[in-house]
Amino acid sequence: MTRRVPLKVGVTGGIGSGKSTVCRLFAMLGVPVYDSDAGAKRLMSSDPALIAAIRERFGAASYRDGVLDRRYLASQVFSSPVALAALNGVVHPAVRSDFRRWAGELGAEYVVAESAVLFESGMDREVDEIVTVSAPERLRLERAVGRDRSSEEEVRARMRSQMNDAEREALAGHVIFNDEKHLLWEQVLRLDARFGVGRR
Ligand SMILES: CC(C)(COP(=O)(O)OP(=O)(O)OC[C@H]1O[C@@H](n2cnc3c(N)ncnc32)[C@H](O)[C@@H]1O)[C@@H](O)C(=O)NCCC(=O)NCCS
Ligand SMILES: Nc1ncnc2c1ncn2[C@@H]1O[C@H](COP(=O)(O)OP(=O)(O)OP(=O)(O)O)[C@@H](O)[C@H]1O
């Protein structure tokens, strides 16, 4: 039996928007989810060419006893657009090809790729449909600071390295509002019915 190529759906949204929460709901419906943050971290710890490129650009301090020093790297890249572009330039192509391989091996009807920087990383070109999760900045800050124990200034620095909600909404085909007025499940179920139609 030939496997159908799955429909690929990208889910994006800025820091604290709730895109991981949305992706957990898709996963509860049985949809395979590729987590780009986790994929990037795995590759940065296992892909020898990527590790060598990061060490060359960011120095020996980027790996402590062979383990990626995320705090150090974050301090380097979220304060310098040039450094962030250099890191993105080596990590993002590796994540895109890892996602392609992962999606190609599944027999699912549709799959989801979660990425905070879907457009910025070129992952938008790997997917057929794009959903962006929007939420007021005040809520995003509260959620991200509460979850990561990062400072408000650290979260704001990441926000400045990303597109804003209006830019993502202009590029995405679908928007999920994760504010205090809209229900997440209702919006996810509506999209699942659409992406899953004729595919189950
Ligand atoms: C700098 C690193 C080591 C910091 O690790 P840390 O555990 O603190 O953060 P984590 O990866 O879990 O990301 C948390 C959030 O930060 C923001 N963020 C991460 N990477 C980026 C980026 N390249 N550009 C803008 N925002 C980003 C996102 O909102 C993300 O959801 C890490 O973020 C990283 O390696 N980033 C570059 C790779 C990348 O782009 N990953 C994201 C998707 S491919
Ligand atoms: N509708 C909601 N109501 C209450 N809390 C929420 C809601 N949506 C998300 N949260 C909480 O806000 C925090 C951030 O959500 P989540 O991790 O899904 O965001 P994210 O967009 O994936 O962020 P990041 O880019 O940092 O990975 C989490 O602690 C989550 O439980």
Side-chain angles (χ1 to χ4, degrees), residues 10-27 33-47 50-51 53-54 57-58 61-64 67-99 102 112-124 126-127 131-151 154-165 167-168 176-188:
V11 174
T12 189
I15 186 161
S17 58
K19 65 189 175 313
S20 304
T21 306
V22 164
C23 286
R24 266 196 298 278
L25 302 185
F26 278 110
V33 176
Y34 181 87
D35 177 341
S36 301
D37 282 349
K41 278 180 198 150
R42 177 173 41 77
L43 293 165
M44 291 161 90
S45 306
S46 63
D47 178 335
L50 190 51
I51 293 171
I54 293 168
R57 174 63 177 78
F58 295 96
S62 46
Y63 288 84
R64 202 190 281 258
V67 178
L68 181 71
D69 188 337
R70 283 154 43 197
R71 212 168 169 87
Y72 167 77
L73 214 51
S75 74
Q76 298 295 300
V77 300
F78 295 120
S79 59
S80 158
V82 174
L84 181 62
L87 183 64
N88 287 346
V90 290
V91 176
H92 292 165
V95 173
R96 290 199 305 268
S97 60
D98 187 59
F99 167 68
W102 175 87
V112 163
E114 172 188 348
S115 174
V117 287
L118 187 94
F119 298 107
E120 298 92 323
S121 68
M123 188 70 117
D124 57 330
E126 303 288 334
V127 296
V131 179
T132 191
V133 182
S134 289
E137 189 171 299
R138 177 186 53 80
L139 268 183
R140 290 175 52 199
L141 266 175
E142 265 171 34
R143 288 170 179 165
V145 169
R147 186 202 48 194
D148 299 343
R149 294 197 206 91
S150 304
S151 70
E154 282 169 325
V155 175
R156 283 195 188 278
R158 293 196 190 203
M159 282 180 169
R160 283 194 294 273
S161 310
Q162 303 173 349
M163 286 183 174
N164 61 41
D165 279 359
E167 288 169 318
R168 276 185 294 262
I176 287 184
F177 295 100
N178 184 20
D179 51 22
E180 283 148 333
K181 292 187 212 116
H182 297 78
L183 292 177
L184 275 188
W185 259 122
E186 205 171 62
Q187 299 176 83
V188 169

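Along the sequence shown, the residues carry numbers beginning at 1. Whatever order the structure lists ligands and atoms in, that order sets their numbers, starting from 1.
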Determine whether Arg158 and Glu154 satisfy the following criterion, salt bridge (Lys or Arg N to Asp or Glu O under 4.0 Å), listing intermediate values before the conclusion. CA-CA 7 Å; Arg158 293 196 190 203; Glu154 282 169 325; over 6 Å; no

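- Note: no N/O pair closer than 3.5 Å links Ser161 and ligand 1 by distance alone.
- Side chain of Asp165 to backbone of Arg168: no donor-acceptor contact under 3.5 angstrom is found.
- Of the candidates Phe78, Tyr72, Phe58, Phe99, Phe78 brings a heavy atom nearest to atom 19 (C) of ligand 1.
- Counting only distance, with no hydrogens or angles, the side chain of Glu120 and the backbone of Met163 share a donor-acceptor pair below 3.5 Å.
- Here the side chain of Tyr34 pairs no donor or acceptor atom with the backbone of Asp98 at under 3.5 angstrom.
- Annotation for ligand 1: atoms under 4.0 Å from non-hydrogen atoms of Lys41 are 7 (O), 10 (P), 11 (O), 12 (O).
- Within the listing of ligand 2, atoms 21 (O) sit less than 4.0 angstrom from a heavy atom of Ser17.
- Scanning Val117, Val91, Ile15 for the heavy atom closest to atom 25 (C) of ligand 1 points to Val117.
- Judged purely by atom type and a 3.5 angstrom limit, Ser121 uses its side chain to pair as donor or acceptor with the backbone of Leu118.
- Atoms of ligand 1 lying under 4.0 Å from at least one heavy atom of Leu87, given by number and element, are 37 (C).
- In this structure, the side chain of Arg143 does not engage the main chain of Gly18 through any donor-acceptor pair within 3.5 Å.
- Environment of CZ in Arg64: sparse, with no more than 12 heavy atoms of neighbouring residues, nucleotides or ligands closer than 6.0 Å.
- Nearest protein heavy-atom contact of atom 22 (O) of ligand 2 is Ser20 OG, 2.5 Å.
- The ligand atoms of ligand 2 that sit less than 4.0 angstrom from a heavy atom of Gly14 are 21 (O), 25 (O).
- The backbone N or O of Thr12 lies less than 3.5 Å from no partner atom in the side chain of Ser115, so there is not a single donor-acceptor pair.
- Close N/O approach between Asp179 and ligand 2 is not found [any backbone or side-chain N/O within under 3.5 Å].
- The protein does not reach atom 32 (C) of ligand 1 closely, with no heavy atom under 4.0 angstrom from it.
- Residue Met44 holds the heavy atom nearest to atom 35 (O) of ligand 1 of all those in Gln162, Met44, Lys19, Arg70.
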With salt bridge (Lys or Arg N to Asp or Glu O under 4.0 Å) as the test, would you mind laying out the steps for Glu114 and Arg24 before giving the verdict? CA-CA 10 Å; Glu114 172 188 348; Arg24 266 196 298 278; over 6 Å; no

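- Between the choices Glu114, Glu120, Arg71, Arg158, the shortest heavy-atom distance to atom 6 (P) of ligand 1 belongs to Arg158.
- Atoms of ligand 1 found under 4.0 Å from any heavy atom of Asn88, numbered from 1 in the order shown, are 23 (N), 40 (O).
- Residue Lys19 touches ligand 2 through backbone and side chain together, judged by heavy-atom distances below 4.0 Å.
- With hydrogens and angles disregarded, no donor-acceptor distance shorter than 3.5 Å links the side chain of Asn178 to the backbone of Lys19.
- By the 4.0 Å heavy-atom criterion, Met123 is excluded from the residues contacting ligand 1.
- Of the N or O atoms in His92, one or more lie within a sub-3.5 Å distance of an N or O in ligand 1.
- Side-chain N or O atoms of Glu126 include none that pairs as donor or acceptor with a backbone N or O of Met123 at under 3.5 Å.
- Compare Gly146, Ala144, Gly13, Gly18 by their heavy atoms: the one nearest to atom 21 (O) of ligand 2 is in Gly18.
- Of the protein's heavy atoms, at least one falls inside 4.0 Å of atom 2 (C) of ligand 2.
- Around atom 7 (C) of ligand 2, the closest heavy atom drawn from Glu114, Arg143, Glu180, Arg158 belongs to Arg143.
- Side-chain atoms of Arg140 do not come within 3.5 Å of backbone N or O of Ala135 as any donor-acceptor pair.
- For a threshold of 3.5 Å applied to N or O pairs, the pair formed by Leu184 and ligand 2 contains no separation below that value.
- Among Thr21, Thr12, Val133, the residue whose heavy atom lies nearest to atom 9 (C) of ligand 2 is Thr21.
- At a 4.0 Å heavy-atom cut-off, ligand 2 touches Asn178 through the side chain alone.
- At a 3.5 angstrom cut-off on N or O pairs, Gly16 counts as close to ligand 2.
- Counting all heavy atoms, side chain and backbone alike, Ala86 lies closest to Arg57 at CB-NE, 3.5 Å.
- Residue-to-ligand polar distances keep Arg24 apart from ligand 2: every N/O pair is separated by 3.5 Å or more.
- The nearest heavy-atom contact from the protein to atom 43 (C) of ligand 1 is Asp37 OD1, 3.5 Å.
- The protein non-hydrogen atom at the shortest distance from atom 28 (C) of ligand 2 is Arg147 CD, 4.1 Å.
- At least one donor-acceptor pair under 3.5 Å links the side chain of Gln187 to the backbone N or O of Phe177.
- Residues Val155 and Ser150 approach most closely at CG2-CB, 3.9 Å, considering heavy atoms.
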